[in-house]
Number of protein chains: 2
Amino acid sequence: MTARERILEAAYSCFSRKGYFGTTTREISQAAGVSEVTLFRLFGSKKELFREVLINYSIIPDIRAISVPEGSGEEVLIDIGLKLFFSLREKKEFLKILLSEVTGLTEEVEEVYSRFVETLEELLGRVFSSALSLSEGESRTKVKVFRSALFGFFISEEVFQGRELPYEDVIRFVKSLSAAVSGGRG
Amino acid sequence: MTARERILEAAYSCFSRKGYFGTTTREISQAAGVSEVTLFRLFGSKKELFREVLINYSIIPDIRAISVPEGSGEEVLIDIGLKLFFSLREKKEFLKILLSEVTGLTEEVEEVYSRFVETLEELLGRVFSSALSLSEGESRTKVKVFRSALFGFFISEEVFQGRELPYEDVIRFVKSLSAAVSGGRG
DNA sequence: CTTTTATGTAAGTAACTGCTTACATAACCG
DNA sequence: CGGTTATGTAAGCAGTTACTTACATAAAAG
């Protein structure tokens, strides 16, 4: 691994554990096993390094890579719900960084977050209108419910409580959510 | 207002806008209109002040104060959903502080968060088992869906996007969520 | 009136932080 | 070989930060 990569990785880890202001450049360089001078030579400033981390570890490509499952009805929602949940889990550190920068939101962090929600809703929008047969308006609201629930669940259970839920708990939740959203008039 | 109160209020505001590490004690004391020495005399340390802010502005009493509505069915869920949403909004700053401290979670912040979720689930548990007629297990999972969706929705739309949703949007969401959760087998 | 209490001003300290400069070294490239 | 490139060490600087000490003052309490 190049020095650049090692620094990026170390920065990712540090920022996600202690936030932007809680992390020092000394700390990052030590964790990366390089000198602090190298860090500044390669990235110019702490802020710039932070930006690169945000780009490098973004969850957005992961979400884009999720394929819309064939078929229809509840089963499809369960499938996509699980895929999304485990994508969130895989990028937990990235999401922690995002959350911790909610205060003093710089435009760029805000933009990253907006694109994250857009990407999610776009994917779910496609799934919902193909798998369930819903009007544009119905679909949009249900997508919001589904997306919010999944995201809220992940944040509460995994990020804040700092644990990793057993598979059955995740399944139970996603099934319940999918059933709720795919049934009824809501 | 006493100096103590002014400092608490200023600290609350600063921490919610810039996080713990992003805020300096100088800043707080200036915002409070007192000298920095006074801040340290009254609170001992920055950390202690932070703790007091967390206690003083906690959302938990707000949630405890919400009365379980009479009646049954979907209407009740809508009622409680709206009450909860507007409680979250009223304590947005507190929640921002909580979110921003998700990195480097101290035990105390983690505990505050746990109690927050417990309080929420307890309230919703009572509502769900009285208003809908559900078994213990069904109720518990539906409560999780309801709670996660509401919380996730609030965080995405209001905290991260930094805006205040128009009332109709909130209503539409809560109605859709309530319908989804109260109908079906989920 | 005198003491206590609450607050202020001034000054400063020790540690830390982001970042820079100067110089060495070792590997790789033509 | 000679030069470029990537990295390291050492030193440090200027600014900031949490927090302290010493002393003044004015109001409140007894």
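Here is how names work: the chains are called A, B, and so on, in the same order as the sequence lines, proteins then strands, and each is numbered from 1.
On the nucleic acid side, DNA chain D has its first and last nucleotide under 4.0 Å of a heavy atom of chain A at D:dT7 to D:dA10, going 5' to 3'.
Listed by residue number, B:Phe40, B:Ser45, B:Lys46 are the residues of residues 39-49 of chain B with a heavy-atom contact under 4.0 Å to DNA chain D. Contacts between residues 22-34 of chain A and DNA chain D, counted as heavy-atom distances below 4.0 Å, involve A:Gly33, A:Val34.
Cation-pi geometry between B:Lys96 and B:Phe160 is not satisfied (NZ or CZ under 6.0 Å from the ring centre, within 45° of the ring normal).
Atom OH of A:Tyr20 and atom P of C:dT17 are 13 Å apart (whole Å).
Classification of the A:Tyr113-A:Phe151 ring pair by plane angle, with boundaries at 30° and 60°, yields tilted. Below 30°, between 30° and 60°, or above 60°: for A:Tyr12 and A:Tyr57 the angle between ring planes is below 30°, a parallel geometry. A parallel orientation is assigned to the rings of B:Phe86 and B:Tyr167, their planes being inclined by less than 30° (bins at 30° and 60°).
A salt bridge links A:Glu48 with A:Arg51; the closest basic N to acidic carboxylate O contact falls under 4.0 Å. Salt-bridge formation is detected for the pair B:Glu27/B:Lys18: a Lys NZ or Arg NE/NH1/NH2 atom is positioned less than 4.0 Å from an Asp or Glu carboxylate oxygen. The existence of a salt bridge linking B:Glu158 and B:Arg163 is excluded, since no basic side-chain nitrogen approaches an acidic carboxylate oxygen closer than 4.0 Å.
A side-chain N or O of A:Glu36 and one of A:Thr25 form a donor-acceptor pair less than 3.5 Å apart. Defined by atom type and a distance below 3.5 Å, a donor-acceptor pair is present between the side-chain atoms of A:Ser156 and B:Arg147. Between the side chains of B:Arg126 and B:Ser130, no donor N or O sits under 3.5 Å from an acceptor N or O.
Contacts of B:Thr38 with the nucleic acid, taken as non-hydrogen atoms under 4.0 Å apart, involve only primed sugar atoms and P, OP1 or OP2.
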